[in-house]
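Accompanying notes for the structure given below.
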Amino acid sequence: MTLTTSRPARAANSAPAPRNTRDWRRTVRRLPGYACVALLLIIVVYPLIWLFLGSFKTQDEFLNGSTTALPESFTNFDNYTQAWSSVATYLQNSLLTVVPALALIIVLGTAAGFALEVLVWKGRQTTLLLFLAGIMIPGQMILLPLFTVYFNLHLTGTLWPLIITYTATGLPLTVFMMATYFRAIPKSVFEAATMDGASIIRSFVSIGFPMMRNSVLTIALVQFFFLWNDLLIALTFTTDDAQRTVQVGLLNFTGQFGVVEYGPTFAAICINVLLILAIYIFLNQRVMRGLAAGAVKG
C-alpha cells in the first residue's frame with residue numbers, strides 16, 4: 001500500500017509548472033536588466049532632448065525661465081539661422097582638415113598593416129612594436145615641441161599643422177588594427193596571386209585592400225569621430241577665428257560683446273550632434289561587420 005500511494009504523489013510533485021507561472025518567473029528575473037537598460041536609455045536620450053528643446057528657446061527664456069520648461073515656440077528657427085552663419089565656416093574647416101588626414105591615415109595605415117603581416121622581412125616585429133609605442137605617448141607631451149617646429153617652418157596660421165598632427169596621431173592605432181585584420185586573411189590567397197605573376201603592389205591594390213573594405217570603413221569611422229571631436233590639438237594650433245574647427249568654434253561661440261547667446265549655442269551644438277549621429281546610424285551595420293572581421297582567423 002505504501003508503494004502504490006507514494007508513486008502518484010511523486011509524479012504529482014515532478015509535474016512541470018504551468019506556462020503562465022514560467023513566463024511570470026522569467027519576466028521577474030529579467031526586470032533588473034530591463035531597469036538597467038531603461039536607466040541607461042534615459043541617461044543617453046535625456047541630454048539630447050534637453051539640447052534639442054533648448055535650441056528653440058530665446059535668451060530671455062534661458063535667463064528668466066526654468067531649465068526644464070518647454071520652449072514657448074517650436075517654430076523659432078532664428079537660433080539655427082544665426083548659428084549656421086558661423087557653424088558653416090567651422091564645419092568647412094573641420095572637413096578641410098579631417099578628410100585629408102583621414103585619407104592619409106587609411107592609405108598609409110593599410111599599406112603598413114599589409115607590409116607587417118603579409119610580407120616577410122627582417123625586423124617587421126620590431127617595427128610593429130615601434131608603432132605600438134606611438135599609442136602609449138600622450139598627445140599633451142608633443143604639442144609644445146610640434147608648435148615650435150611648425151612655427152619655425154612658417155606653417156602656423158594655416159591648416160597644415162592640424163592635418164600633419166592628425167595623421168601622425170592616427171597612424172599607430174590604424175596600423176595595429178589593420179595588421180590584426182590582415183592576420184585573419186589566409187596567406188595562401190597572396191601566395192596564389194604571386195604565383196600568377198602579381199607584384200606586391202598589385203596584390204595590395206587588387207586583393208588586399210578590397211578584402212579590407214568593411215575593416216577600412218570601421219577604422220575610418222573610428223578615426224573620423226576621434227579627429228572630428230578633437231579639441232586640444234585644434235585649440236593649440238588654430239590662431240585665427242577663420243581657421244577654427246567646429247569644436248573650437250563651439251567652445252568660443254559667443255555673440256555681440258562676448259556675451260554667450262545660449263539659443264544659437266544650443267542650435268550649433270545640435271547641428272553638430274545630429275550630423276555625427278546621422279553618419280553613425282547610416283554606417284552602423286558596416287561598422288559591426290568590420291569589428292567582427294578580425295575576430296576570427298581564417
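Quick note: numbers below take in every heavy atom, side chains included, and nothing from hydrogens, waters or symmetry partners.
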If you define the side chain from C-beta out and look only at heavy atoms, does anything of Phe226 sit under 4.5 Å from Tyr166?
no
Please work out whether the ring planes of Phe204 and Phe182 are parallel, tilted or perpendicular, with thresholds of 30° and 60°.
tilted
Within 6.0 angstrom of Phe62 CZ, more than 12 heavy atoms from elsewhere:
yes
Do Asn79 and Pro264 have side chains that get closer than 4.5 Å, going by heavy atoms?
yes
In this structure, which one of Ile271, Ile269, Leu275, Ile276 forms a side chain to side chain contact (heavy atoms under 4.5 Å, CB included) with Val273?
Ile269
Please work out which of the three classes, parallel, tilted or perpendicular, describes the rings of Tyr280 and Phe225, given edges at 30° and 60°.
tilted
Between Ile279 and Phe224, is any pair of side-chain heavy atoms under 4.5 Å apart?
yes
Given side chains that start at C-beta, do those of Leu155 and Ile164 come closer than 4.5 Å, heavy atoms only?
yes
Phe56 versus Ser73: any side-chain heavy-atom pair under 4.5 Å?
no
List the steps and the verdict of side chain to side chain donor-acceptor pair (under 3.5 Å) for Thr174 and Gln223.
CA-CA 8 Å; Thr174 303; Gln223 293 290 356; 3.1 Å; yes
Taking the side chain as everything from C-beta on, heavy atoms only, tell me whether Arg124 gets closer than 4.5 Å to Leu119.
no
When you compare the side chain of Phe147 with that of Thr165, does any pair of heavy atoms fall below 4.5 Å?
no
Leu53 reachable from Ile43 in the ILVMFWY side-chain graph, under 4.5 Å edges:
no
